[in-house]
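Note sheet for the following structure.
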Amino acid sequence: MVESQAPRIRTKAKHDVLRITAMIQVKQERSHLPTAEHSALIDLDRALPSGAVVTDPDVCAAYARDESEAEPRLPDAVVRARSTEDVVAVMRVATRHRVPVTPRAAGTGRSGGAVPTEGGWVLAFERFDAIDEVSTRDAVAVVRPGAVLGDVHAAVEAEGLFYPPDPNSWASCTIGGNVAENAGGPRAFKYGVTRDWVLGLEVVLADGRVLNVGRRTTKGVTGYDLTALVVGSEGTLALVTRATLGLMPRPEVVRTLAVHLEDEAAMADAVSACLRARVTPRCVEVMDSITLGLLREAGVPVPAGSRAMLIVEVDGETDAADRDLERVGNALLDEGTLEVLVAKHEGDREQLWSARREMSRSLRTLAVNKLSEDVVVPRSALAALLGRCRAISERRGVRMPAYGHAGDGNLHVNFLWDTPDEKPSVDLAIRDLFEATVQLGGTLSGEHGIGALKAPYLALEQSSDLIAVQRSIKATLDPLSILNPGKIFPRAGHGGC
Ligand code: MLT
Ligand code: ZN
């Protein structure tokens with residue numbers, strides 16, 4: 001098989017024999033493919049180092065889906081890139097044969113962004129994972145797309161530095177995926193999202209050209225900001241092969257509060273209370289009454305009568321963090337919260353966070369199917385959004401637990417159902433949620449991206465002119481539409497654009 005670990009054969013003649021054997025095997029394994037796909041695969045295998053191209057259906061099956069409800073699709077091949085040169089080679093062959101290429105690293109996405117919805121090849125980045133540099137003098141890290149975020153955190157923190165973006169999948173998600181989706185996370189409330197920390201990128205275009213966009217310096221306004229454009233473009237404009245990330249000094253301490261509320265609707269006022277205390281917490285997370293039950297099951301102490309909970313954290317130098325904690329705690333008590341509990345030990349904090357981090361998975365245990373959205377509204381509209389969710393849930397008869405990043409107005413509204421006959425009501429409830437979000441001045445996605453799942457709804461938020469301008473940017477950079485096709489933009493007949 002193409003991916004087999006055959007011993008290295010040094011003489012040219014033997015090498016050629018090995019190649020020919022590999023080609024025949026590609027042919028046999030994929031004999032169901034039409035001739036054009038066949039010859040594309042053979043060219044691909046020729047252009048990549050031995051073992052990089054995998055066609056074994058069992059291996060390909062692992063690349064057919066991500067962590068969303070998007071319909072899986074088996075790719076024709078998976079290419080495991082290890083260098084910029086590999087990525088260039090893949091895109092040159094893909095351009096020549098017009099093969100769709102879906103980039104993927106850890107596959108932790110929630111919107112179907114890494115699912116090869118149009119078939120073709122999956123370009124896997126998990127083995128292209130080096131951390132090239134951590135510079136304390138320049139406060140930057142230079143990393144490759146497959147580097148796991150948790151490893152990047154550890155590498156920079158070992159130098160007394162800090163890279164704030166922290167999507168909850170940080171232990172397994174990668175920088176490439178974070179850049180593609182402009183990932184956020186709880187700490188975004190104080191520190192912003194991935195785009196705020198990416199200074200520069202090396203990218204490969206659809207035709208295989210390599211561009212260096214952005215910079216290594218803190219300041220820099222030369223030319224259009226293509227770095228900002230690529231971040232969040234969901235792998236549809238260019239493939240990231242190196243990222244230069246800005247860093248800051250690591251905060252000395254973190255202090256954590258668990259705040260209990262008698263009423264879900266009180267959460268928006270609680271968020272405002274934190275800000276009125278003239279403190280910017282590093283995160284203000286929320287759990288509604290249903291998700292709070294899961295927290296209780298995970299062993300987190302939840303007082304009787306609590307209907308919603310906030311996790312509020314402050315960080316900085318020890319004295320300042322302690323002062324901020326006191327201010328926020330008092331402001332929240334003045335606001336009429338039920339109880340404010342301080343995490344006394346790292347163990348308390350870890351118990352709280354591990355239950356919060358697992359929330360998405362824990363919700364899966366409550367129903368056969370779960371679909372998670374990540375709508376955002378202006379902070380002042382958070383209570384109204386929750387009210388609308390409850391009304392939708394009742395009208396459509398669908399369970400809709402919610403949790404998320406209250407400080408950012410970013411709610412993960414989940415839809416749970418067991419049987420296929422419930423799905424039409426779920427679809428209506430999802431559309432209702434998006435319509436309510438837009439009416440409240442919000443946006444469809446705060447951090448998970450539009451991907452394949454939300455593409456049909458894009459026109460609910462964006463005008464046809466705006467969508468057309470974005471399509472023309474896509475056409476300039478990827479005229480054959482081979483880079484992650486089927487993502488972001490609705491297909492004809494879905495959403496009217
Ligand atoms: C989270 O905040 O836990 C993540 O964005 C994942 C999710 O809710 O699906
Ligand atoms: Zn989230």
Side-chain angles (χ1 to χ4, degrees), residues 65-70 106-115 149-150 164-174 177-196 232 234 267 271 281-288 290-292 294-295 298 300 308-313 350 352-367 369-377 379 382 385-386 389 399-416 426 430 433 437 442-454:
R65 62 180 319 145
D66 61 8
E67 283 194 27
S68 73
E69 298 293 324
T108 54
R110 304 275 190 201
S111 59
V115 177
L149 177 61
D166 64 336
N168 271 317
S169 51
W170 56 261
S172 54
C173 68
T174 66
N178 294 177
V179 171
E181 302 302 322
N182 190 18
R187 300 196 296 228
F189 184 59
K190 180 170 182 180
Y191 294 113
V193 294
T194 302
R195 185 179 285 121
D196 301 309
E234 305 191 26
M267 70 176 73
V271 175
R282 77 173 186 175
C283 65
V284 183
E285 296 282 291
V286 69
M287 264 125 313
D288 75 354
I290 306 175
T291 54
L292 199 56
L294 291 170
L295 223 59
V300 176
M309 181 180 131
L310 300 178
I311 303 175
V312 181
E313 286 199 334
E350 190 37 46
L352 205 54
W353 277 109
S354 71
R356 163 63 185 90
R357 270 197 301 275
E358 283 303 306
M359 192 53 75
S360 180
R361 288 196 182 97
S362 310
L363 278 170
R364 278 191 191 282
T365 63
L366 299 186
N369 301 292
K370 185 204 82 154
L371 204 144
S372 160
E373 299 298 353
D374 70 318
V375 293
V376 194
V377 292
R379 212 175 291 138
L382 193 60
L385 177 68
L386 261 173
C389 287
R399 284 175 291 162
M400 292 169 55
Y403 65 94
H405 317 291
D408 300 318
N410 186 187
L411 264 200
H412 295 306
V413 182
N414 291 265
F415 296 82
L416 306 180
V426 171
I430 291 173
L433 171 70
T437 300
T443 183
L444 303 187
S445 177
E447 50 182 19
H448 295 172
I450 296 299
L453 285 176
K454 288 191 274 278

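These numbers come from a predicted model, not from an experiment. One-based numbering, in listed order, for ligands and for the atoms of each.
- With sequence neighbours excluded, the residues that form a side chain to side chain donor-acceptor pair (under 3.5 Å) with Ser360 are Arg110, Lys370.
- When atom types are taken as modelled, the side chain of Glu373 and the backbone of Val413 share no donor-acceptor pair closer than 3.5 angstrom.
- Taking the six-membered ring where tryptophan is involved, the planes of His412 and His405 are perpendicular, since the angle between them exceeds 60° and thus also 30°.
- Within the protein, the N, O or S atoms lying under 2.8 Å from the Zn ion (ligand 2) are His405 NE2, His412 NE2, Glu447 OE2.
- When side chains are defined from C-beta on, Glu181 counts as touching Ser111, because their heavy atoms get closer than 4.5 Å.
- Contact check for Ile290 versus Leu366: side-chain heavy atoms found under the 4.5 Å cut-off.
- The side chain to side chain contact (heavy atoms under 4.5 Å, CB included) check on Arg65 picks up Pro72, with sequence neighbours excluded.
- A heavy-atom distance below 4.5 Å is found between the side chains of Ile311 and Met287.
- Ion pairing of Glu350 with Arg357 is present here, as a side-chain N (NZ or NE/NH1/NH2) and a carboxylate O approach within less than 4.0 Å.
- Residues Ser445 and Asp374 have side chains that bring a donor and an acceptor to within less than 3.5 angstrom of each other.
- Using a heavy-atom distance under 4.0 Å as the criterion, the protein contacts of ligand 1 are Arg110, Asn168, Arg356, Ser360, Ser372, Tyr403, His405, His412, Glu447, His448.
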